[in-house]
Amino acid sequence: MRFDTKLIHAAQPPDPLTGAVNVPIYLSSTFAQDAPNRNKGYVYSRSANPTRTVLESALAALEEGSVGLAFSSGLGAMTTLLAAVPSGARVVADTDLYGGSWRLLEHHRRTYGVRTDYVDFTDLAAVRAAVGASPAPTLVYGESPTNPLLRVVDLAALAGIAHSRRAAFVVDNTFATPALQRPLPLGADVVLHSTTKYLGGHSDVIGGALVVRAKARGERLRWLQNALGAVPSPFDSFLVLRGLHTLGVRMRAHAEGALAVADALAGSRKVVRVLYPGLDSHPQHALAARQMSGYGGMLSVDLRGGMPGVRRFLRSLRVFTLAESLGGVESLVDHPASMTHASVPRAEREAHGVTDGLVRLSCGIEDPADLAEDVTTALRRI
Ligand SMILES: *Cc1c(COP(=O)(O)O)cnc(C)c1O
């Protein structure tokens, strides 16, 4: 099956009991047993729930992994992943990360003595040096495109570097989704998702996922999923599944809107730079063209005029709503320095490009002309 067909059919046969074309929402915390330890595969819904199982199998098929695991949030997925990293171990991570991911890595440094070294993953020589240092890292952790700077990193090359020291390469694929990029066949070991974003797609659910390439690693993480308990409810699992069905058409519409907005912003003298992998001017445009099958719905823009300019721009938008999060059908705008990345200290933020003038746009699936018009009008008000 091709990808858009898989979105609807992979691991989702009609319900064997009733023929329902959608998996029922199994609102049951526990399951009757025929005799002690004789059951139909379900015992207790923290360990496994039939609605969640369908979601997990679908995610594994879409990312081309062997084990899929669903969580109550993206950070719940990351917490479970990091619980497998022993104290004293080392992580190498990209400098440009979702703020909450950075905060969690720093918590593990303070509390469990897991040190994270941050390097720019677009600089492969720097990554090689960091991965080569002692002790060998347990995890190499990054995103592509990154949040909020939309850098694209070479996933196959990074997997090779990680594996040269037997480290696991983990890719947060939230921005690209498997519709545009599949890190596991490129060599990554684990894919992480905030399903809150594009996979859910309608801004109505918080969720996360891990998809694992090797079965043994997947089963160890499944053990931790049950032991730690950050699992999604059956209803939330259903919402993410329902979102998945339209992921293909939504990602094409998101990208169409983002390109229209990027073009509208790019010509303005009130703009320092537009960060969108689909523009020829993007530093990793060629890599993005090779590694992805589309450029996605996210872009960032560096506005002239600092905070006052940013405030006027945000106040003037009519279609874009000022809110955290991304990946829903409605367009959202975020000011990373004061919102999603406020947990990162100013000096660190600014050193790698998250300045006060930076605005992040999540282009929804409204008419691209309305999105372009909205930013053009708001620019005029600066
Ligand atoms: C939102 C987000 C997360 C965290 O996911 P939650 O579902 O909010 O816990 C992780 N990574 C990226 C890239 C995100 O955008």
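What you see is a predicted model, and the numbers here were worked out from it, not measured in a lab. Start at 1 and go down the list; that is how both ligands and their atoms are numbered.
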task = Measure from the side-chain N and O atoms of Asp94 to the backbone N and O of Phe121, and report whether any donor-acceptor pair falls under 3.5 Å.
result = yes
message = Any carboxylate oxygen within less than 4.0 angstrom of a Lys/Arg side-chain nitrogen, looking at Lys6 and Asp4?
response = no
Winner among Tyr198, Phe71, Tyr98 once heavy atoms are compared against atom 4 (C) of ligand 1 = Tyr98
inquiry  = As a quick check of understanding, evaluate side chain to side chain contact (heavy atoms under 4.5 Å, CB included) for Leu332 and Arg360, giving each step before the final call.
reply    = CA-CA 8 Å; Leu332 299 179; Arg360 190 190 74 184; over 6 Å; no
remark   = In ligand 1, the atoms that come under 4.0 Å of a heavy atom of Asn147 are 15 (O)
key: Check: Tyr198 ring centroid to His193 ring centroid under 6.0 Å   = no
message = Between the side chains of Asp370 and Arg318, is the shortest nitrogen-to-carboxylate-oxygen separation below 4.0 Å, so that they form an ion pair?
response = no
inquiry  = So is Gly207 touching ligand 1 or not, going by heavy atoms under 4.0 Å?
reply    = yes
query = Is Leu192 in polar range of ligand 1, meaning some N or O pair under 3.5 Å apart?
reply = no
task = Below 4.0 angstrom from a heavy atom of Thr196, which ligand 1 atoms are there? Numbered from 1 as shown, please.
result = 7 (O)
task = Pick, from Asp172, Thr146, Thr340, Asn173, the option with the minimum heavy-atom distance to atom 12 (C) of ligand 1.
result = Asp172
task = Compute the shortest N/O to N/O distance between Ser194 and ligand 1 and return yes if it is under 3.5 Å, no if not.
result = yes
request  = State plainly whether the residues Lys40 and Asp34 are in salt-bridge range, i.e. N to O under 4.0 Å.
outcome  = yes
key: atom 6 (P) of ligand 1 - nearest protein heavy atom and its distance   = Gly74 N, 3.3 Å
ask   = In terms of atom number and element, which parts of ligand 1 are under 4.0 angstrom from non-hydrogen atoms of Leu326?
value = 15 (O)
request  = Please indicate whether any nitrogen or oxygen in Phe175 is less than 3.5 Å from any nitrogen or oxygen in ligand 1.
outcome  = no
message = Starting from atom 2 (C) of ligand 1, what is the nearest protein heavy atom, named by residue and atom, and what distance separates them?
response = Lys197 NZ, 2.5 Å
message = Can you tell me how far apart CG (Leu303) and CZ (Arg311) are? Round to the nearest 0.5 Å.
response = 13.0 Å
query = Looking at Arg103 and Glu106, does any basic side-chain N land under 4.0 Å from a carboxylate oxygen?
reply = no
